[in-house]
J.: 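So that we are looking at the same thing, I have put the structure below in structure tokens.
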Amino acid sequence: MKDARGWNALAVLGLMASLAFLGSGCMSLRTSLRKLLVVEVKPKQETARRYATEIPVRPRAEVRNGVPSEPGEKGGEDEELSVYQKLVVLRPEDPLVRFHLGRAYLERGLLDQAIFELDMATSLDPRQAEGFLLLGRALRLKGQYDLAIAKLRAATVLDPNYVEAFIELGICWDQRGFYERARRAYQHALRLRPKDPDIYNNLGVSYLYEGDVERALKHLKKAWELDPTNPQTNNNLALIAARRRQYDLAFEYFARAHGAAIAHSNVGYLLLREGELEKAIAHLREAVRLRPNSLRALAHLESALRLSGRVAEAEQVHAQYVKAQAAEALSSVPPPNR
């Protein structure tokens with residue numbers, strides 16, 4: 001860990017005192033990496049793929065350093081990126097600078113730039129497991145699963161106890177459709193960290209991908225017992241309950257995961273798909289009451305009303321939808337330079 005401490009020591013000495021991941025003091029980079037989470041699951045069956053949840057219905061992993069940025073900290077984030085962009089020009093062969101620039105790009109979703117810098121960092125210093133982890137994750141997010149697996153395996157060779165690398169490996173194997181290999185990676189991570197609810201969540205997702213709902217439910221319930229507040233686990237349990245037409249239970253889990261407004265919107269949409277129009281309308285009306293500008297809820301409510309023959313009410317909702325859509329478009333326009 002001497003190299004990892006050296007990396008953070010450099011940051012502490014003056015590169016970026018405002019970096020969020022240094023909020024806990026002179027910790028190692030390893031301990032500053034947050035757990036990887038799988039959020040939401042896309043059911044395998046063709047007939048159940050389009051759940052209308054209001055956040056992306058895909059698995060992903062989340063690696064952040066230290067405390068997440070609070071609203072209003074974007075300027076600090078931009079300053080961090082600018083500092084490392086300047087430093088890499090001055091010190092192009094410094095693996096630490098390359099690593100932190102790649103990490104900064106990755107946190108902003110700039111995957112091509114992140115891959116380039118992290119690949120440079122690991123080439124300049126092939127002993128850093130953290131660099132291989134983040135490079136593997138960036139490649140996975142680009143859909144380059146085989147190359148990501150190779151980099152993640154390098155991380156596990158460097159550190160056989162690197163839990164996060166095994167979790168990322170599991171996610172990659174799941175995306176490739178090799179569910180047994182994915183679960184072997186998760187089980188290895190679980191042996192290293194036996195009470196981690198996120199790993200149980202990922203195991204449940206893996207079984208759900210394969211269509212084994214009972215085993216998925218077993219692991220997701222274990223994850224829920226360890227952390228009943230986890231939004232990813234609650235969301236995944238809601239999806240299973242909905243597939244079983246247990247809509248009241250699905251609503252409870254969705255509400256824990258995303259709040260009442262999204263829960264009503266999701267359950268309303270699922271009921272609409274099943275043709276239970278009156279129940280769907282009740283949920284969707286409540287979703288709109290709680291969030292009057294929710295485009296998804298408004299669109300589903302309009303559809304439900306039209307299907308039930310309430311054309312005049314549907315037209316009113318459509319007008320509200322158009323107004324909300326215009327407001328959203330206006331809010332996305334950047335202010336003019338003065």
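We're numbering straight along the sequence, starting at 1. All values reported here derive from a predicted model rather than from experimental measurement.
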J.: Among Leu111, Ile115, Leu101, find the residue that satisfies the side-chain contact (heavy atoms from CB on, under 4.5 Å) test when tested with Leu106.
T.: Leu111
J.: Identify whether Leu295 and Tyr269 are in the same connected component of the hydrophobic contact network (ILVMFWY, side-chain heavy atoms under 4.5 Å).
T.: no
J.: For Arg306, does the CZ atom have more than 12 heavy-atom neighbours from other residues, nucleotides or ligands under 6.0 Å away?
T.: yes
J.: Mind checking whether Leu133 and Leu152 have side chains closer than 4.5 Å, heavy atoms only?
T.: yes
J.: Membership question, hydrophobic clusters at under 4.5 Å side-chain separation (ILVMFWY): are Val157 and Leu169 in the same one?
T.: no
J.: May I have the step-by-step check of side-chain contact (heavy atoms from CB on, under 4.5 Å) for Gln325 and Leu298, ending in yes or no?
T.: CA-CA 10 Å; Gln325 190 177 45; Leu298 286 165; over 6 Å; no
J.: Is Ile149 close to Trp173 at the side-chain level, that is, under 4.5 Å between some pair of heavy atoms?
T.: yes
J.: Should Phe116 and Arg98 count as side-chain neighbours, where that means a heavy-atom distance under 4.5 Å?
T.: yes
J.: Evaluate Gln85 against Tyr105 for side-chain hydrogen bond (donor to acceptor under 3.5 Å, both in side chains), listing each step before the verdict.
T.: CA-CA 10 Å; Gln85 286 172 332; Tyr105 281 134; 3.0 Å; yes
J.: Looking at CG of Leu110 and CD of Glu117, how far apart are the two atoms once the value is rounded to the nearest 0.5 Å?
T.: 11.5 Å
J.: For the pair Glu210 and Arg183, find out whether any cationic side-chain nitrogen is under 4.0 Å from an anionic carboxylate oxygen.
T.: yes
J.: Can you name the nearest heavy-atom pair linking Thr122 to Gly131, along with the distance?
T.: CG2-C, 3.5 Å
J.: Quick check against the 3.5 Å criterion: does Gln320 have a side-chain atom that pairs as donor or acceptor with the backbone of Pro292?
T.: yes
J.: Of the non-hydrogen atoms in Asn202 and Asp174, which two are nearest, and what is the gap between them?
T.: O-OD2, 4.4 Å
J.: Under 4.5 Å between side-chain heavy atoms, hopping through other hydrophobics if needed: is there a path connecting Met120 to Leu90?
T.: no
J.: For the residue pair Gly170 and Tyr186, what are the closest heavy atoms and their distance?
T.: C-OH, 3.2 Å
J.: Are His283 and Leu271 close enough that some pair of their side-chain heavy atoms sits under 4.5 Å apart?
T.: yes
J.: Could you please spell out the steps behind the side-chain contact (heavy atoms from CB on, under 4.5 Å) verdict for Tyr321 and Gln316?
T.: CA-CA 9 Å; Tyr321 174 89; Gln316 292 176 352; over 6 Å; no
J.: Strictly by modelled atom types, are Asn230 and Asp198 linked by a side-chain donor-acceptor pair under 3.5 Å?
T.: yes
J.: Less than 3.5 Å apart, any donor N or O on the side chain of Asn201 or His219 sitting next to an acceptor on the other?
T.: no
J.: Leu301 versus Leu272: any side-chain heavy-atom pair under 4.5 Å?
T.: no
J.: When you measure from the side chain of Arg103 to the backbone of Leu134, do you find a donor-acceptor pair of N or O atoms at a distance under 3.5 Å?
T.: no
J.: Show the nearest heavy-atom pair for residues Val163 and Ile199, with the distance to one decimal.
T.: CG1-CD1, 4.2 Å
J.: What's the spacing between Gln246 CD and Glu252 CD if we round to 0.5 Å?
T.: 10.5 Å
J.: Keeping the roles fixed (side chain from Ser308, backbone from Leu305), state whether a donor-acceptor pair exists under 3.5 Å.
T.: yes
J.: In Å, rounded to the nearest 0.5 Å, how long is the span from CG of Asp94 to CG of Leu124?
T.: 8.5 Å
J.: Are Tyr207 and Tyr209 linked, directly or through intermediate hydrophobic residues, by side-chain heavy-atom contacts shorter than 4.5 Å (ILVMFWY only)?
T.: no
J.: Roughly how far, to the nearest 0.5 Å, is the CG atom of Asp146 from the CG atom of Leu139?
T.: 10.5 Å
J.: Verify side-chain hydrogen bond (donor to acceptor under 3.5 Å, both in side chains) between Ser265 and Arg296, making sure each step is shown before the conclusion.
T.: CA-CA 8 Å; Ser265 178; Arg296 190 181 302 272; 5.5 Å; no
J.: Do Asn293 and Glu328 make a side-chain contact, defined as non-hydrogen atoms from C-beta onward lying under 4.5 Å apart?
T.: no
J.: Side chains of Asn234 and Trp224: donor-acceptor distance under 3.5 Å anywhere?
T.: yes
J.: Drop me the distance from Thr233's OG1 to Tyr200's OH, to the nearest 0.5 angstrom.
T.: 12.5 Å
J.: Can you give me the closest heavy-atom contact between Phe166 and Ala189, atom names plus distance?
T.: CB-CB, 4.0 Å
J.: Compare every heavy atom of Cys172 with every heavy atom of Arg140, then report the nearest pair and how far apart it is.
T.: CD-SG, 3.5 Å
J.: Less than 4.0 Å between a side-chain N and a carboxylate O, is that true for Glu214 and Arg244?
T.: yes
J.: In sequence, state the C-alpha distance, the side-chain angles, and the governing distance for Asp119 and Leu135, and then conclude on side-chain contact (heavy atoms from CB on, under 4.5 Å).
T.: CA-CA 7 Å; Asp119 188 46; Leu135 177 56; 4.0 Å; yes
J.: Does the side-chain contact (heavy atoms from CB on, under 4.5 Å) test come out yes or no for Lys151 and Leu118, once each step is laid out?
T.: CA-CA 11 Å; Lys151 302 302 181 181; Leu118 291 167; over 6 Å; no
J.: Distance-only, no hydrogens or angles: does the Arg243 side chain make a donor-acceptor pair with backbone N or O of Leu239 under 3.5 Å?
T.: no
J.: Flag the pair Arg193 and Glu164 as a salt bridge only when some basic side-chain nitrogen lies within less than 4.0 angstrom of an acidic carboxylate oxygen.
T.: yes
J.: With a 4.5 Å limit on heavy-atom distance, are the side chains of Gln187 and Leu203 in contact?
T.: yes
J.: Would you say the side-chain atoms of Glu286 and His264 include a donor-acceptor pair closer than 3.5 Å?
T.: no
J.: Does Arg181 make a cation-pi contact with Phe178, if we ask for NZ or CZ under 6.0 Å from the ring centre and within 45° of the axis?
T.: yes
J.: Give, for atom NZ of Lys221 and atom CD1 of Ile240, the distance between the pair rounded to the nearest 0.5 Å.
T.: 9.0 Å
J.: Within the side chain of Asn236, is there an N or O that forms a donor-acceptor pair under 3.5 Å with the backbone of Gln232?
T.: yes
J.: Check whether any side-chain N or O of Tyr247 sits under 3.5 Å from a backbone N or O of Gly268 as a donor-acceptor pair, and report yes or no.
T.: no
J.: As a quick check of understanding, evaluate salt bridge (Lys or Arg N to Asp or Glu O under 4.0 Å) for Arg285 and Glu302, giving each step before the final call.
T.: CA-CA 10 Å; Arg285 283 194 190 281; Glu302 179 187 351; over 6 Å; no
J.: Check whether any side-chain heavy atom of Asp112 lies under 4.5 Å from a side-chain heavy atom of Lys142, and answer yes or no.
T.: yes
J.: Following the transitive rule for hydrophobic clusters with a side-chain heavy-atom cut-off under 4.5 Å over Ile, Leu, Val, Met, Phe, Trp and Tyr, establish whether Tyr253 and Leu290 coincide in one cluster.
T.: no
